[in-house]
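Worksheet: the structure to be examined is printed underneath.
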Amino acid sequence: TRRVQVDPDTDPALLDDRLESLVCNDLVLCPTALGEVIHRKCDARNTQVVTYDGVLWLIDGVQDLSASAFDFLEGKATLLVYGVLKISPDIEPAVLAERLARVHNKGVIECTPQQMGAIQARLGISSGVLADSTKATKANDEEAGIVGNAGYLAL
């Protein structure tokens, strides 16, 4: 019932022949080439199928995305964020626009306002947060006297 990820090397005919149905309460992730088969095997009312092009970059924890990640990427990538992704400010927005096929955000993506435009143009699932990484940091908040997430505060 958890997230299902179909291997990109799966033969569509074999998958169609051997899989009768698929029940999933989370996402079903599959390459676009297998999307037609998976859609037939799932109940569209209860299962969300996400097809992707290129390489799938799945972010579950906290991760930094540096410019060098794109240097070694062949083709495009689809980004699925469940955790926190911090995009390095030295990545040009044009690189994001050119190298990301799609971005699905169910977590937090921290990026510059310019990068945010490129990300928003490629958003599929958008139930997460896009945060401006150039805004004040926690250290700046403490200097300004801002207290966040206080369960009990004695004055």
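Numbering of residues begins at 1 and proceeds along the displayed sequence.
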- [ ] Give a yes or no answer on whether the side chain of Arg99 reaches the backbone of Leu73 with a donor-acceptor pair at less than 3.5 Å.
- [x] yes
- [ ] Answer yes if Val6 and Leu22 sit in the same cluster of Ile, Leu, Val, Met, Phe, Trp and Tyr residues linked by side chain heavy atoms under 4.5 Å apart, and no otherwise.
- [x] yes
TODO: Can you measure from OH (Tyr82) to CD1 (Ile59) and round to the nearest 0.5 angstrom?
DONE: 12.5 Å
Open item on the list: Let me confirm one number: the OG1-CE distance from Thr134 to Met116, rounded to the nearest 0.5 Å.
Closed with: 7.5 Å
TODO: Decide whether Leu123 and Leu29 are clustered together by the hydrophobic rule: side chain heavy atoms of Ile, Leu, Val, Met, Phe, Trp, Tyr closer than 4.5 Å, transitively.
DONE: no
Open item on the list: Let me confirm one number: the CD-CH2 distance from Gln63 to Trp57, rounded to the nearest 0.5 Å.
Closed with: 9.0 Å
Open item on the list: When you measure from the side chain of Lys41 to the backbone of Asp16, do you find a donor-acceptor pair of N or O atoms at a distance under 3.5 Å?
Closed with: yes
Open item on the list: Donor-acceptor pair, distance only, cut-off 3.5 Å: does the side chain of Gln115 make one with the backbone of Ile91?
Closed with: yes
Open item on the list: Check Arg3 with Asp60, please: is the shortest side-chain N to carboxylate O separation under 4.0 Å?
Closed with: yes
Task: Backbone of Tyr52 reached by a side-chain donor or acceptor of Thr78 within 3.5 Å - done: no
Open item on the list: Under a 3.5 Å distance rule, please check whether Arg102 uses its side chain to pair with a backbone N or O of Leu79 as donor and acceptor.
Closed with: no
- [ ] Consider only side-chain N and O atoms of Asn105 and Ser126, and report whether a donor and an acceptor are under 3.5 Å apart.
- [x] no
